[in-house]
Amino acid sequence: MPELPEVETIKNTLKRFVLDKKIEDISVFWGNIIKEPDDVEQFKHILMGQTIHNINRKGKFLLFEMDDYTMISHLRMEGKYSVVSKEEPVKKHTHVIFRFTSGEELRYNDVRKFGTMHVVPKGEEFLHKPLNQLGPDPFDNSFTFDYFYEKLRKTNRVIKSVLLDQYVVAGLGNIYVDETLFRAGVHPLKKANKLTKKEVKKVQEQAILTLKEAVAQGGTTIRSYVNGQGEMGMFQQELFVYGQENQGCKNCGKLIIKMKVGGRGTHVCPSCQKQ
DNA sequence: GCAGATGTTCGCAG
DNA sequence: TCTGCGAACATCTG
């Protein structure tokens, strides 16, 4: 269920446990998670013997950088990583296990099995799917006002759908889009190309600010998100609209309403966010 | 028990 | 070319 702040938190906790660990063996219990190479045996073969030297993040993707390859992992709705001793009983929804020479294991657990893993040669991460078409990370310098304004100006979609589009900006998901639009005072159904420059600026600033605050709080735990150590995030305390339907707006007191936008549950203060 | 929803993304159809 | 909708899957809530 992770968006950018949750993935960033997972990256930081995982780094404390897997750097310089060498993969001795791999088990895959649900092969559909492995997307590249398309053959699971090949996936296992090329990663065995590799040592994890660094973990990076782009948008909602984790990049495990090894000797000759990078594993690009997306957690989708429910994916989780944990590092445990090999003695630890394997949970029901654990689908991939990386066994280290140290006796520890990196385990991937995913109730809904939506997550994906791609292994590509080191240095070619951004040349192939799934990263080659991704928009800028919101924390990157390339996420400029001019870039963002042009993207919004050229589409006929509503602003919420555009913010969820990872080709426009990579990292926002349903929670942080709703929070960003509330903080910017923009209605999710407003057409992206109808936003004034001032509104675009505000949306961009609030997106970055909201994500930064959420990272500082270790992410948002609504149902099941935990970091690489099984700890919950704390940002849910700071939410203004997400999951706050039928409660008073923290700004004006009017009831927060829930609606559907682009098939996604969407939370809005009808008074603070004018269409 | 069943319909609908869940922090995501992709492929397909119009 | 662009946009919207179902599917991938399991579980929980009303």
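Keep in mind that this is a model prediction, so the values were computed, not measured. Chain letters run A, B, ... following the sequence lines, proteins first, then strands; residues in each count from 1. Reckoned from all heavy atoms, side chains included, excluding hydrogens, waters and symmetry mates.
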key: Ring geometry between A/Phe240 and A/Phe182 (parallel below 30°, tilted from 30 to 60°, perpendicular above 60°)   = parallel

Rounded distance in Å - [atom1] ([X]) to [atom2] ([N]):
| X | N | atom1 | atom2 | value |
| --- | --- | --- | --- | --- |
| A/Tyr167 | B/dT9 | OH | C1' | 8 Å |
| A/Gln133 | C/dT1 | CD | C1' | 14 Å |
| A/Lys260 | B/dA5 | NZ | C1' | 7 Å |
| A/Ile33 | B/dC10 | CD1 | P | 16 Å |
| A/Glu6 | B/dT6 | CD | P | 16 Å |
| A/Leu163 | C/dT3 | CG | P | 14 Å |
| A/Leu62 | B/dT9 | CG | P | 13 Å |
| A/Arg157 | C/dG4 | CZ | C1' | 10 Å |

For [N], take OP1 and OP2 only and decide whether either is under 4.0 Å from a side-chain N or O of [X].
| X | N | value |
| --- | --- | --- |
| A/Thr116 | B/dT9 | no |
| A/Arg264 | B/dT8 | yes |
| A/Lys258 | B/dA5 | no |

ask   = Does the cation-pi check pass for A/Lys197 over A/Tyr149, that is, NZ or CZ under 6.0 Å from the six-membered ring centre and within 45° of its axis?
value = yes

ask   = Within 45° of the axis and under 6.0 Å from the centre of the six-membered ring of A/Phe100, does NZ or CZ of A/Lys22 qualify?
value = no

query = Would you find more than 12 non-hydrogen atoms of other residues, nucleotides or ligands less than 6.0 Å from A/Lys15 atom NZ?
reply = yes

ask   = Do A/Arg57 and A/Asp137 sit within salt-bridge range, that is, some charged N less than 4.0 Å from a carboxylate O?
value = yes

Between the protein and nucleotides 8-11 of chain C, which nitrogen or oxygen pairs are less than 3.5 angstrom apart?
residue: C/dC9; atom: O4'; partner: A/Arg112; partner atom: O; Å: 3.4
residue: C/dC9; atom: O2; partner: A/Arg112; partner atom: NE; Å: 2.7
residue: C/dC9; atom: N3; partner: A/Arg112; partner atom: NH2; Å: 3.1
residue: C/dA10; atom: OP1; partner: A/Lys113; partner atom: NZ; Å: 2.7
residue: C/dT11; atom: OP1; partner: A/Lys92; partner atom: NZ; Å: 3.2
residue: C/dT11; atom: OP1; partner: A/His93; partner atom: NE2; Å: 3.0

note = Annotated structure of DNA chain B as dot-bracket, pair cut-off 3.5 Å, Watson-Crick or G-U only, | for inter-strand, is .|||||.|||||||

task = Check whether the ring centres of A/His267 and A/Tyr242 lie less than 6.0 Å apart, and answer yes or no.
result = yes

message = Counting the benzene-type ring for Trp, do A/Phe64 and A/Tyr81 have ring centres under 6.0 Å apart?
response = yes

request  = Using the side chain to side chain donor-acceptor pair (under 3.5 Å) rule, pick out the option among A/Asp178, A/Asp165, A/Thr180 that qualifies with A/Lys160.
outcome  = A/Asp178

query = Which of the following nucleotides, B/dT9, C/dT3, B/dA5, is nearest to the side chain of A/Asn156?
reply = C/dT3

